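Every value quoted in this text rests on a predicted model; they were computed, and no experiment measured them. In what follows, every heavy atom counts, from backbone to side chain, and hydrogens, waters and symmetry copies are set aside. A, B, ... follow the sequence lines: proteins, then strands. Residue 1 opens every chain.
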2 protein chains.
Amino acid sequence: MNLSSQTQAFVLHFGEMGSRWGFNRTVGQMFALLTVHSEPLNADQLARALKISRGNVSMGLKELQAWRLVELHHLPGDRKDYFTAAGSIWDLARTVFEERRKRELDPTLTLLRQLLLNDPQDEQEAGAQERMQEVYDLLELLDRFANALSRLDQKDLLKLMRLGSGISKLLELKGKSGSRKR
Amino acid sequence: MNLSSQTQAFVLHFGEMGSRWGFNRTVGQMFALLTVHSEPLNADQLARALKISRGNVSMGLKELQAWRLVELHHLPGDRKDYFTAAGSIWDLARTVFEERRKRELDPTLTLLRQLLLNDPQDEQEAGAQERMQEVYDLLELLDRFANALSRLDQKDLLKLMRLGSGISKLLELKGKSGSRKR
DNA sequence: ACGAATTTTCAGAAATTTCTGAAAATTGTA
DNA sequence: TACAATTTTCAGAAATTTCTGAAAATTCGT
């Protein structure tokens with residue numbers, strides 16, 4: 001379980017980026033290692049490869065399971081738990097995307113919905129609520145859009161992402177056919 | 001500068017969420033307050049309203065300026081710097097989106113591009129590189145897509161986001177006309 | 001150029017997050 | 001059931017991030 005300098009660099013980088021993606025350094029490293037390493041790894045192997053404590057690995061795996069980013073395997077005649085990254089890179093990306101939507105958007109939408117139920121008590125509050133309503137509308141739209149993207153199958157998602165600047169042409173099309181309807 | 005309980009709740013929430021969105025608690029609070037408060041605020045007002053030190057406000061404003069999320073104003077006969085949230089909610093969202101793309105995608109793309117230049121030294125490395133290539137391809141696609149979205153004007157973006165599940169129908173359309181071409 | 005107003009800086013304090021390692025709990029086998 | 005292998009837990013240690021406040025720097029009017 002000694003990592004090539006390639007893998008080392010990859011793993012360390014994902015450790016650094018980890019916090020930006022929503023998990024801590026060692027969780028990022030564990031995930032990176034499981035991603036590049038095709039064979040399943042057990043907790044001891046992860047601990048040794050990454051030079052972190054066994055306890056930390058246990059906690060990290062729990063978190064990765066909560067994110068549904070790893071899969072548990074068993075080898076015949078071995079009681080240890082082995083892990084791999086769950087599904088294709090594509091699946092992983094989708095999962096991260098969905099989890100982040102949940103964590104970054106949903107709580108705010110819930111709060112704003114609540115706050116907007118109250119009647120404003122004065123001018124100041126009325127103005128603040130207007131602004132909050134704008135934030136809410138935007139985040140809700142984003143949330144719906146993210147959900148729609150999540151539901152697309154891989155083929156369509158690929159098609160959409162590859163469109164690039166072609167998107168606006170496609171929308172023009174839609175806009176015209178849409179207005180024609182009435 | 002005493003905040004209504006509405007605003008208080010909004011500000012505190014954005015503080016909590018701040019870390020998920022890429023900045024720390026007080027920066028999140030400052031941004032939230034500037035967003036709901038239509039009048040420009042100066043550093044002392046922010047410090048008093050949020051009960052944080054003047055120094056912290058200075059650092060926070062510097063960060064918000066780096067994110068291009070605030071705008072500096074001056075009032076006649078007052079030497080203090082006044083700040084507002086920069087542009088419409090829509091503009092703010094676009095800016096946050098772009099900044100996050102830069103911070104979360106670009107460094108990884110750069111690293112992977114580098115790593116993939118090296119020839120693999122053995123089977124193990126070859127396999128790891130395959131996985132890294134997949135990650136690279138995916139992130140690059142995502143990056144291009146994010147860029148394309150950023151470049152859409154507000155009207156088109158709105159149209160696209162409102163499509164929801166209609167997206168797949170639109171893509172079908174495109175798929176068919178695309179294959180018709182050959 | 002001086003001085004008052006204002007902003008920035010930054011060393012150390014405080015708060016928070018992450019990590020370790022030993023003990024407790026769980027699991028599977030004989 | 002007894003026990004060895006394995007995983008989980010969690011109190012406290014270590015590392016990291018954030019915050020304060022006083023001093024330094026800057027800015028502007030006179």
Kindly work out whether a path of hydrophobic side-chain contacts (I/L/V/M/F/W/Y, heavy atoms less than 4.5 Å apart) joins A/L138 to B/L69. yes
A/H74 NE2 to D/dT6 C1', straight-line distance once rounded to whole Å: 10 Å
Please report the distance, rounded to the nearest Å, between CE in B/M30 and P in D/dT18. 14 Å
With a 4.0 Å limit, can you tell me whether A/N42 has a side-chain N or O closer than that to the phosphate oxygens OP1/OP2 of D/dT6? no
Decide, yes or no, whether a salt bridge links B/R144 with B/E140 under the criterion of side-chain N to carboxylate O below 4.0 Å. yes
Whole angstrom value for the distance that separates C1' of C/dT7 from CD of B/Q45: 15 Å
Below 4.0 angstrom from OP1 or OP2 of C/dT18, is there any side-chain N or O of A/T26? no
A/E99/A/R103 salt bridge by N-O under 4.0 Å criterion: yes
Could you verify whether a donor N or O on one side chain and an acceptor N or O on the other, from B/T26 and B/N24, lie under 3.5 Å apart? yes
When we call it a touch if two heavy atoms are under 4.0 Å apart, what does B/I52 touch: a base, just sugar-phosphate, or nothing? sugar-phosphate
Could you write nucleotides 11-16 of chain D as a row of B, S and -, 5' to 3', where a protein heavy atom under 4.0 Å of any base atom gives B, of only sugar-phosphate atoms gives S, and otherwise -? -----S
Regarding B/D81, tell me which of base, sugar-phosphate or nothing describes its non-hydrogen contacts under 4.0 Å with the strands shown. sugar-phosphate
Whole angstrom value for the distance that separates P of C/dC10 from CG of B/N56: 16 Å
Looking just at side-chain N and O atoms, do A/S53 and A/N56 make a donor-acceptor pair shorter than 3.5 Å? no
Any carboxylate oxygen within less than 4.0 angstrom of a Lys/Arg side-chain nitrogen, looking at B/E104 and A/R100? yes
Side chain B/R25, main chain B/G18, donor-acceptor under 3.5 Å: no
Using a distance-only criterion (donor-acceptor N/O pair, under 3.5 Å, no hydrogens), is the base of C/dT29 paired with the side chain of A/R79? no
Less than 4.5 Å apart, side chain to side chain, heavy atoms only: is that true for B/M30 and B/E63? no
Rounded to whole angstrom units, what separation is found between the CG atom of B/L61 and the C1' atom of C/dT7? 10 Å
Verify same cluster id: A/I167, B/L158 (apolar side-chain graph, 4.5 Å): yes
Could you work out how much the helix from C/dA1-D/dT30 to C/dA30-D/dT1 bends, comparing the axis of its first five pairs with that of its last five, to 10°? 30°
Give the rounded distance in Å between these two atoms: CG of B/L46 and C1' of C/dT7. 14 Å
Give the nucleotide from the list D/dC19, C/dT7, D/dT7 with an atom nearest to the side chain of A/R54. D/dT7
Rounded to whole Å, OH of A/Y82 lies from C1' of D/dT6 at a distance of 12 Å
Output the rounded distance in Å from NZ (B/K80) to C1' (D/dC28). 14 Å
Taking only N and O in the side chain of A/K62, is any of them less than 4.0 Å away from OP1 or OP2 of D/dT9? yes
Are A/L12 and A/L64 joined in one hydrophobic group, where the rule is that I, L, V, M, F, W and Y side chains link up if heavy atoms are under 4.5 Å apart? no
